[in-house]
Amino acid sequence: MRISGFRNGKILLQAVLLSSTLLLCGGGALHAQAANADTVGTLKVERHGDHGRPIILIPGLEGGPWVWQQAIDHLQKTHVVYAVTLAGFDGVPAPTEGGSLFDRADASLLQLIRQEKIDKPVLVGHSLGGTLALRFAGEHAKLISGVVAVDGLPVFPGMERLDPKQRVAVAAQTREKMAQLTPEQFKEQALVYMQHIGVIDPQLAARYAPMNARSDIKATAGYMADDLASDLRPGLKNANVPILEISPYNAPDFSQPPMLMSEAQKTAYYESLLAGAPQAKVVSISPSRHYVMLDQPAKFQQVLDDFLKSL
């Protein structure tokens, strides 16, 4: 889900507020036309492939199926792939009713599995999508075969140091600030994010950044606030399925305080946040940033394939 390890308590709140306006964005290139596309609950759903173990791909904040395109091209040969887009992102209308967007996404994922009679799918989520997958595993472990969370965690890094009231306060501040962004500011923020957190290659950052601003600003703020306020760790004890957490690591990003940590230390930090899950494993992929599948597509696909074969 983003970068980890806020080691200096004095800058925790400032760092969370800064990162919350940048992290969890989605992005990518144009993707091939899906064989089928539909709406289930608040989700847009594209289906690829016609046989094999089902996989549900969930992108992160502002994301669309394009972030998984190389994975879709590979997986659809041997799996049925459902690539979803959350309401409010990538041109999918935001719900007009009130309430938590994250709760509605969770309920829509359950509706998708039941409505389409998807037999024990593997949930693969990036960032916010990974957090959603972990939440679902804690609620409905018997309905799925496993979870792959790509830099998506049960609590926003650093927020585990705050009590629930403090998390809610930070979430409310973040929602307010993000919701006030103009479209131009939203685009500028996306570029800064992709250049410094999203990917390593500046050309990739320039390519994908424009797509990060195609989402509804208020919906983005709502999801971000829901994520910051959440702590899903208590529910992990019920997530009794294999869980793979993919942790990106790019050494230059962690060479100076307050983000000074080795690859092994970052992996251990992620392991600590997932300690409540009975079958969780963390694998680091380097050099990569938040969009592991864009920085290291071959390494990412190999790790994912190995996990799928182990089920």
N/O donor-acceptor pair under 3.5 Å between [X] side chain and [Y] backbone:
X: Ser145; Y: Lys120; answer: yes
X: Gln185; Y: Thr182; answer: yes
X: Ser108; Y: Thr42; answer: yes
X: Lys237; Y: Pro234; answer: yes
X: Gln166; Y: Asp163; answer: yes
X: His79; Y: Arg53; answer: yes
X: Asn250; Y: Arg289; answer: no
X: Glu245; Y: Ala280; answer: no
X: Ser215; Y: Asp90; answer: yes
X: Gln265; Y: Ser262; answer: yes

What's the separation between atom [atom1] in [X] and atom [atom2] in [Y], rounded to the nearest 0.5 Å?
X: Leu273; Y: Asp231; atom1: CG; atom2: CG; result: 9.0 Å
X: Arg104; Y: Leu86; atom1: CZ; atom2: CG; result: 12.5 Å
X: Leu75; Y: Thr78; atom1: CG; atom2: OG1; result: 6.5 Å

Can you establish whether the number of heavy atoms outside [X] located under 6.0 Å from its atom [atom1] is more than 12?
X: Gln111; atom1: CD; answer: yes
X: Lys218; atom1: NZ; answer: no
X: Glu263; atom1: CD; answer: yes

Would you kindly confirm whether [X] and [Y] end up in one hydrophobic cluster when ILVMFWY residues are joined by side chain heavy atoms under 4.5 Å apart?
X: Ile55; Y: Ile72; answer: yes
X: Phe89; Y: Leu191; answer: no
X: Ile246; Y: Leu311; answer: yes
X: Ile200; Y: Phe254; answer: no

Do [X] and [Y] make a side-chain contact, defined as non-hydrogen atoms from C-beta onward lying under 4.5 Å apart?
X: Pro121; Y: Ile113; answer: yes
X: Ile217; Y: Met178; answer: no
X: Ile243; Y: Leu134; answer: yes
X: His126; Y: Met293; answer: yes
X: Val150; Y: Phe300; answer: yes
X: Ile285; Y: Pro248; answer: no
X: Phe136; Y: Ile144; answer: yes
X: Phe186; Y: Glu62; answer: yes

Is the His290 ring parallel, tilted or perpendicular to the Tyr193 ring (thresholds 30°, 60°)?
-> perpendicular
Of the non-hydrogen atoms in [X] and [Y], which two are nearest, and what is the gap between them?
X: Ile118; Y: Pro54; value: CG2-CB, 3.5 Å
X: Leu274; Y: Leu236; value: CA-CD1, 4.0 Å
X: Val170; Y: Leu162; value: CG2-CD1, 4.0 Å
X: Val92; Y: Ala87; value: CG1-CA, 3.9 Å
X: Val155; Y: Glu160; value: CG2-N, 4.0 Å
X: Trp68; Y: Val124; value: CZ2-O, 3.8 Å

Is the centre of the Phe102 ring less than 6.0 Å from the centre of the Tyr223 ring?
-> no
What residues form a salt bridge (Lys or Arg N to Asp or Glu O under 4.0 Å) with Glu176, not counting sequence neighbours?
->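 In terms of salt bridge (Lys or Arg N to Asp or Glu O under 4.0 Å), with neighbours along the sequence ignored, Glu176 is linked to no residue.
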Does Lys309 make a cation-pi contact with Phe307 (under 6.0 Å, within 45 degrees of the axis)?
->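 No, a cation-pi geometry is absent between Lys309 and Phe307.
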Under 6.0 Å from the six-membered ring centre of Trp66 and within 45° of its axis: does the NZ or CZ of Arg214 meet both?
->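 Pair Arg214/Trp66 counts as cation-pi.
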In this structure, which one of Asp306, Val283, Leu308 forms a side chain to side chain contact (heavy atoms under 4.5 Å, CB included) with Leu244?
-> Val283
Do Asp305 and His74 get their side chains close enough for a donor-acceptor pair, meaning under 3.5 Å?
->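 Yes.
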